[in-house]
Undergrad: 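The following block contains the structure, expressed as structure tokens.
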Amino acid sequence: EAAVTQSPRSKVAVTGGKVTLSCHQTNNHDYMYWYRQDTGHGLRLIHYSYVADSTEKGDIPDGYKASRPSQENFSLILELASLSQTAVYFCASSDRGQDTQYFGPGTRLLVL
Amino acid sequence: QQKVQQSPESLTVSEGAMASLNCTFSDGTSNNFRWYRQHSAKGLEVLVSIFSDGEKEEGRFTAHLNRANLHVSLHIREPQPSDSAVYLCAVKNNYAQGLTFGLGTRVSVFP
């Protein structure tokens, strides 16, 4: 049974609109992460969290917010979606920062 | 900032032959490396983790790490068509959380 799930699996959004991507894990892990995957860039870290109600910036946080309301749930929020945010977004979780990260199936976002 | 490069970009092998993938990294103090596999339109599956110089085997997958040469490799023994996927090298950053990924090697296994 999948331990990291993401919703929606795909989404089409309009430029300037608000988009919320959701992630849920049943691993009982403390750490959760959001990455984006683009052709030519590989996966890059956007935000992460190591405890509920707290989030940290990753390598490319501009244009994104994150929310960790509980240990199990981690959301990525695009307040004003832009064309450049078209990508596949992956959520991951790990027990501790050094441990293996387990990934969800990804969300394909197309901004028009 | 950590840089991770993978080669070759793509690799075609026959079923049963050995497949060898390469990954170089820039931060010689790194000590936390993982190989992931990504099937088309799917999530990432961890294959093998390695933390010290030498070899680590997980089933048909073997990782070799040589930190002096800034090099980690993955060898796939007796590859099968179901192993056709993109293979990603990931290095844990010492200075921050998160992983730095290479762009991947696309492996195609033909019967």
Side-chain angles (χ1 to χ4, degrees), chain A residues 2-7 9-10 23-25 27 29-51 54-61 64 66 68 74 87-109, chain B residues 1-10 21-27 29-52 56 58-59 61 63 72 74 85-106:
Chain A
V4 181
T5 56
Q6 296 182 230
S7 62
R9 292 294 313 277
S10 66
C23 178
H24 178 80
Q25 57 104 353
N27 294 324
H29 286 166
D30 287 332
Y31 283 77
M32 296 187 75
Y33 311 82
W34 277 106
Y35 291 87
R36 64 177 280 174
Q37 185 177 37
D38 302 89
T39 301
H41 285 286
L43 281 92
R44 292 178 291 172
L45 181 67
I46 306 171
H47 284 289
Y48 68 95
S49 168
Y50 56 85
V51 67
S54 178
T55 64
E56 305 292 336
K57 294 180 179 179
D59 297 325
I60 53 164
Y64 301 93
R68 183 91 182 270
F74 192 36
V88 180
Y89 291 84
F90 287 97
C91 176
S93 74
S94 68
D95 193 11
R96 295 172 299 174
Q98 295 291 332
D99 293 344
T100 298
Q101 294 183 22
Y102 295 92
F103 285 77
T107 294
R108 189 172 297 273
L109 175 65
Chain B
Q1 188 173 1
Q2 179 82 262
K3 294 191 186 305
V4 178
Q5 294 185 304
Q6 292 186 239
S7 64
E9 288 187 14
S10 63
L21 290 64
N22 298 296
C23 175
T24 59
F25 51 94
S26 59
D27 183 353
T29 66
S30 301
N31 60 0
N32 189 322
F33 304 85
R34 289 180 172 86
W35 283 95
Y36 285 88
R37 176 168 69 182
Q38 184 177 24
H39 284 106
S40 181
K42 298 283 182 63
L44 280 68
E45 170 193 8
V46 62
L47 299 173
V48 59
S49 305
I50 187 165
F51 310 111
S52 59
K56 176 74 178 297
E58 294 284 356
F61 302 96
V72 58
L74 178 70
V86 175
Y87 289 76
L88 299 170
C89 173
V91 183
K92 173 67 175 68
N93 302 316
N94 287 327
Y95 55 87
Q97 294 299 329
L99 299 169
T100 299
F101 284 84
L103 295 183
T105 293
R106 182 173 297 278

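Chain A is the first sequence line, chain B the second, and so forth, proteins listed ahead of strands; every chain is numbered from 1. Just so we're clear, the structure is a prediction, and the values are computed from it rather than from any experiment.
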Undergrad: So which part of A:R44 gets closer than 4.5 Å to some heavy atom of chain B, the side chain, the backbone, both or neither?
TA: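 Neither; nothing under 4.5 Å.
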Undergrad: May I ask you to check whether A:F90 and A:Y33 place their ring centers less than 6.0 Å from one another?
TA: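 Not under 6.0 Å, so no.
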Undergrad: Shorter than 4.5 Å, heavy atoms on both sides: which option in A:H41, A:R108, A:Q37 has the most such pairs with chain B?
TA: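 The option with the most such pairs is A:Q37.
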Undergrad: Count the heavy atoms of every other residue, nucleotide or ligand shown that sit under 6.0 Å from OH of A:Y102, and state whether that count exceeds 12.
TA: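 No, because the 6.0 Å sphere around OH of A:Y102 holds 12 heavy atoms or fewer from other groups.
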Undergrad: Under a 4.5 Å heavy-atom cut-off, does chain A meet the side chain of B:E45, its backbone, both or neither?
TA: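 Nothing of B:E45, per the 4.5 Å heavy-atom cut-off to chain A.
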Undergrad: Go through the atoms of B:L99 and report whether side chain, backbone, both or neither lie under 4.5 Å from a heavy atom of chain A.
TA: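 Contact with chain A is through both the backbone and side chain of B:L99.
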Undergrad: Indicate the ring-plane relationship of A:F103 and B:Y36, choosing parallel, tilted or perpendicular according to the 30° and 60° boundaries.
TA: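 Because their plane-to-plane angle is over 60°, the rings of A:F103 and B:Y36 count as perpendicular.
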Undergrad: Quick one: which of B:S49, B:A90, B:G98 has the most heavy-atom pairs under 4.5 Å with chain A, could you say?
TA: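 Highest number of heavy-atom pairs under 4.5 Å: B:G98.
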Undergrad: Can you find a heavy atom in the side chain of A:R68 that is under 4.5 Å from one in the side chain of A:S54?
TA: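 Counting from C-beta outward, A:R68 and A:S54 never come under 4.5 Å.
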Undergrad: List the steps and the verdict of ring pair (Phe, Tyr, Trp, His ring centres under 6.0 Å) for A:Y48 and A:F74.
TA: CA-CA 9 Å; A:Y48 68 95; A:F74 192 36; 8.7 Å; no
Undergrad: Measuring heavy-atom distances to chain B, does A:Y50 have an atom under 4.5 Å in its side chain, in its backbone, in both, or in neither?
TA: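 Nothing of A:Y50, per the 4.5 Å heavy-atom cut-off to chain B.
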